[in-house]
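Predicted model only: the values in this text are computed from it and were never measured.
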Amino acid sequence: MRIGFGYDAHRLVAGRAMVLCGVTVPSDFGPDGHSDADVAVHALCDAILGALALGDIGKHFPDTDERYRGVSSLVLLRECYAMARERGYTLGNCDITIVLQAPKLAPHIELMRTVLAATLSCDIDRVSVKATTEEHMGFTGSGEGISATAAVAIDN
């Protein structure tokens, strides 16, 4: 078994879609980034890559590569998971925490889990997604940004 940890953060800007775990969450602002800026999926990609000791998402999908401009982060996740599968690994489980002051994500969590489970071709009970605020502290608490962490266990 191998374990990986990932982290991502993005600035929030007006007029940008807020895509989290492949789900568009109604909001007047969203994460700024080269792709769809899905911080939760980016953190999960980094966790998978970390478990494989293959570097990070920027190494494999650099923001200087126009092929990835506006791309769904689920495409990147499929590619990262394919790297694990090519090496004989399957997902044991993953656990994601999204840090955001607003909007509330609780109504969207089950759909997020469903989308990730479908993307990873696994049972939903292997996918955990949680959300929290920072009680108005720091860049996420002030509404300036969003961050996410992810842990993953892969087995062969």
Side-chain angles (χ1 to χ4, degrees), residues 1-12 16-25 27 30-100 104-134 138-140 145-156:
M1 177 175 69
R2 299 184 89 159
I3 297 169
F5 177 80
Y7 172 82
D8 194 33
H10 286 270
R11 178 182 319 276
L12 292 174
R16 175 108 178 176
M18 181 170 294
V19 179
L20 297 169
C21 300
V23 174
T24 301
V25 175
S27 179
D32 192 21
H34 186 70
S35 66
D36 63 4
D38 186 333
V39 295
V41 172
H42 290 184
L44 183 54
C45 286
D46 268 353
I48 293 169
L49 293 168
L52 297 169
L54 292 177
D56 62 24
I57 193 171
K59 175 181 176 182
H60 295 272
F61 314 104
D63 63 7
T64 55
D65 190 332
E66 287 302 309
R67 292 180 296 167
Y68 304 117
R69 181 170 298 284
V71 71
S72 167
S73 294
L74 296 177
V75 171
L76 309 181
L77 179 58
R78 282 186 200 99
E79 290 191 35
C80 290
Y81 192 50
M83 291 179 209
R85 299 288 300 191
E86 289 165 3
R87 290 162 176 77
Y89 291 95
T90 58
L91 181 72
N93 72 298
C94 63
D95 184 23
I96 299 167
T97 302
I98 303 166
V99 184
L100 176 69
K104 295 295 182 192
L105 300 180
H108 310 283
I109 296 290
E110 287 309 305
L111 180 56
M112 291 177 186
R113 293 179 65 218
T114 299
V115 168
L116 291 177
T119 302
L120 296 168
S121 300
C122 70
D123 293 334
I124 196 168
D125 68 349
R126 293 178 181 262
V127 178
S128 171
V129 177
K130 305 178 303 292
T132 191
T133 69
E134 288 190 309
F139 77 96
T140 59
I146 182 172
S147 68
T149 60
V152 66
I154 55 176
D155 302 302
N156 66 358

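Taking 4.5 Å as the limit, every side-chain heavy atom of H108 sits out of range of all side-chain heavy atoms of M18. With a 4.5 Å cut-off on side-chain heavy atoms, C122 and V127 count as touching. Side-chain contact between L116 and V129 is present, with at least one heavy-atom pair separated by less than 4.5 Å. Here the side chains of M112 and I98 are in contact, with some heavy-atom distance below 4.5 Å. Between L54 and R87 there is a side-chain heavy-atom pair separated by less than 4.5 Å.
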Side chains of residues 36-52: which donor-acceptor partners sit under 3.5 Å, not counting sequence neighbours?
{"unit_1": "D36", "atom_1": "OD1", "unit_2": "D38", "atom_2": "N", "d": "3.2"}
{"unit_1": "D36", "atom_1": "OD1", "unit_2": "S73", "atom_2": "N", "d": "3.3"}
{"unit_1": "D36", "atom_1": "OD1", "unit_2": "S73", "atom_2": "OG", "d": "2.4"}
{"unit_1": "D36", "atom_1": "OD2", "unit_2": "S73", "atom_2": "N", "d": "3.0"}
{"unit_1": "D38", "atom_1": "OD1", "unit_2": "C21", "atom_2": "N", "d": "3.0"}
{"unit_1": "D38", "atom_1": "OD1", "unit_2": "A40", "atom_2": "N", "d": "3.3"}
{"unit_1": "D38", "atom_1": "OD1", "unit_2": "V41", "atom_2": "N", "d": "3.1"}
{"unit_1": "D38", "atom_1": "OD2", "unit_2": "C21", "atom_2": "N", "d": "2.8"}
{"unit_1": "D38", "atom_1": "OD2", "unit_2": "G22", "atom_2": "N", "d": "2.8"}
{"unit_1": "H42", "atom_1": "ND1", "unit_2": "D8", "atom_2": "OD2", "d": "3.0"}
{"unit_1": "H42", "atom_1": "NE2", "unit_2": "S35", "atom_2": "OG", "d": "3.2"}
{"unit_1": "H42", "atom_1": "NE2", "unit_2": "S73", "atom_2": "OG", "d": "2.8"}
{"unit_1": "D46", "atom_1": "OD1", "unit_2": "I57", "atom_2": "N", "d": "2.6"}

Got a list of side-chain donor-acceptor pairs under 3.5 Å for residues 146-156, not counting sequence neighbours?
none

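Applying the side-chain contact (heavy atoms from CB on, under 4.5 Å) test between L111 and each of V23, V25, L20 identifies V23 as the sole match.
Nearest heavy atoms, D65 versus R67: OD2-NH2, 2.6 Å. Considering every non-hydrogen atom in both H10 and P31, the closest pair reads CB-CB, 3.7 Å. The two residues K59 and P62 have their closest heavy-atom pair at O-CD, 4.2 Å.
Remark: R113 CZ to K130 NZ distance equals 10.5 Å, nearest 0.5 Å. Of the inter-residue distances, the one linking F139 atom CZ with R11 atom CZ reads 9.5 Å to the nearest 0.5 angstrom. The distance from atom OG of S121 to atom OH of Y81, rounded to the nearest 0.5 Å, is 7.5 Å. Atom OH of Y7 is separated from atom CG of D56 by 14.0 Å, given to the nearest 0.5 angstrom. Taking CD1 of I124 as the reference point, atom CZ of R126 lies at 13.0 Å (rounded to 0.5 Å). The distance from the NE2 atom of H34 to the OH atom of Y68 is 9.0 Å, given to the nearest 0.5 Å.
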| message | Set out, in order, the CA-CA distance, both residues' side-chain angles and the distance that settles salt bridge (charged side-chain N to carboxylate O under 4.0 Å, His left out) for D63 and R69, then state yes or no. | response | CA-CA 7 Å; D63 63 7; R69 181 170 298 284; over 6 Å; no
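Applying the side chain to side chain contact (heavy atoms under 4.5 Å, CB included) test to K104 and every residue at least two apart in sequence or in another chain returns T133.
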